[in-house]
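Have a look at the structure below before the remarks.
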Amino acid sequence: MSTHTNDPATIERLLRTPGRWAVVGLSDNPARTAYRIASYVQGLGHEIVPVHPKAETVHGATGYASLAEVPGEIDVVDVFVNSDLAGGVVDEAITRGAKAVWLQLGVIDEAAAARAREAGLDVVMDTCPAIEGPRLGLG
């Protein structure tokens, strides 16, 4: 059972406020959900930063092999990895100084969400920008 509840105001602020989104699990494979969602997020006016072991350029954005390698500020870490790997990504986001973590639809890690909240990050879990955005009249 999920104890985390997404705050609608947080979701709206993250989607409406232009920011830098590090998309963990984003590769240049157009068949992957992350590819389509990153394009949607980019279309909302956000800068995307692909984070994937292959460090591929995706949607014109330079990729990095890990969050630690991404230069500059990160506003949102968008997590497109299996739930069993999400905790490590969330911990990296906290260490890296990200302002928020967004765990994608089906990505659930209650303990990691709690750690992120305790560290002062905004947390969105088990939903998708491409679901929430249209609900808010975006994109």
Side-chain angles (χ1 to χ4, degrees):
M1 182 177 129
S2 178
T3 58
H4 174 80
T5 303
N6 289 324
D7 175 35
T10 298
I11 289 173
E12 184 162 5
R13 180 173 38 80
L14 293 177
L15 291 177
R16 289 191 186 276
T17 306
R20 192 158 187 249
W21 288 51
V23 185
V24 178
L26 175 58
S27 72
D28 71 354
N29 179 351
R32 303 289 301 187
T33 304
Y35 186 88
R36 183 175 48 82
I37 302 308
S39 177
Y40 174 80
V41 167
Q42 194 176 44
L44 292 178
H46 301 287
E47 177 187 351
I48 62 162
V49 180
V51 179
H52 189 279
K54 292 182 184 174
E56 299 167 314
T57 296
V58 185
H59 301 307
T62 301
Y64 297 90
S66 70
L67 276 176
E69 294 176 31
V70 176
E73 295 277 315
I74 298 173
D75 295 303
V76 179
V77 174
D78 193 0
V79 183
F80 274 98
V81 299
N82 291 330
S83 294
D84 58 347
L85 301 175
V89 175
V90 170
D91 291 339
E92 283 183 65
I94 293 166
T95 300
R96 187 64 184 66
K99 296 179 182 111
V101 289
W102 187 306
L103 281 66
Q104 280 294 327
L105 193 64
V107 180
I108 300 167
D109 185 327
E110 296 290 348
R115 289 193 303 274
R117 278 193 306 276
E118 287 163 14
L121 281 71
D122 287 324
V123 178
V124 177
M125 186 164 63
D126 194 24
T127 190
C128 178
I131 292 170
E132 300 297 334
R135 192 178 55 74
L136 295 166
L138 300 171

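Note that the coordinates shown come from a computational prediction; the quantities given were computed from them, not determined experimentally.
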So, for T62 and T57, which heavy atoms are closest and what is the spacing to 0.1 Å? CA-OG1, 4.0 Å

Side-chain heavy atoms under 4.5 angstrom apart, residues restricted to Ile, Leu, Val, Met, Phe, Trp, Tyr: same cluster for V124 and L105? no

Can you see which heavy atom on H4 is nearest to which on A113, and at what distance? ND1-CB, 4.5 Å

How long is the span from the CG atom in D122 to the CG atom in N6, to the nearest 0.5 Å? 11.0 Å

For L14, run the side chain to side chain contact (heavy atoms under 4.5 Å, CB included) check against I11, T17, T10 and tell me which one passes. T10

Using the rule that Ile, Leu, Val, Met, Phe, Trp and Tyr join whenever any side-chain heavy atoms are under 4.5 Å apart, tell me whether V23 and L138 fall into a single cluster. yes

Is it true that E132 and R135 have a side-chain N and a carboxylate O under 4.0 angstrom from each other? yes

So for atom CD, which belongs to E69, do other residues, nucleotides or ligands contribute more than 12 heavy atoms lying within a distance under 6.0 Å? yes

Identify the heavy atoms of L26 and A34 that sit nearest to each other, and give their distance. CD1-O, 3.6 Å

Are I37 and I48 connected into the same hydrophobic cluster when the rule is that any two of I, L, V, M, F, W, Y join if their side-chain heavy atoms are below 4.5 Å apart? yes

Linking I/L/V/M/F/W/Y whenever any side-chain heavy atoms sit under 4.5 Å apart, do V89 and V49 land together? yes

Which heavy atom in V51 sits nearest to a heavy atom in A22, and how many Å separate them? CG2-CB, 4.1 Å

Shared ILVMFWY cluster between V41 and V58, side chains joined below 4.5 angstrom? yes

Just verifying a value: how many Å separate M125 CE and Q104 CD, rounded to the nearest 0.5 Å? 12.5 Å

To the nearest 0.5 Å, what is the distance between CG (D78) and CG (L103)? 8.5 Å

Do V77 and L67 come close enough that some side-chain heavy atom pair is under 4.5 Å? yes

Which residues pass the salt bridge (Lys or Arg N to Asp or Glu O under 4.0 Å) test with R16, not counting sequence neighbours? E12

Could you tell me whether R20 and D75 have a side-chain N and a carboxylate O separated by less than 4.0 Å? no

Minimum heavy-atom distance between A112 and G87, given as atom pair plus value: CB-CA, 3.7 Å

By the side chain to side chain donor-acceptor pair (under 3.5 Å) test, which pairs, at least two apart or in different chains, include something from residues 24-41? none

H59 side-chain N/O to A61 backbone N/O, donor-acceptor pair under 3.5 Å: no

How close do P18 and G45 get, counting heavy atoms only, and between which atoms? CB-O, 4.0 Å

Strictly by ring-ring contact (aromatic ring centres under 6.0 Å, His included), give each pair with a member in residues 64-118 just once, sequence neighbours left out. W21-W102

Enter the distance from R13:CZ to L15:CG here, rounded to the nearest 0.5 Å. 10.5 Å

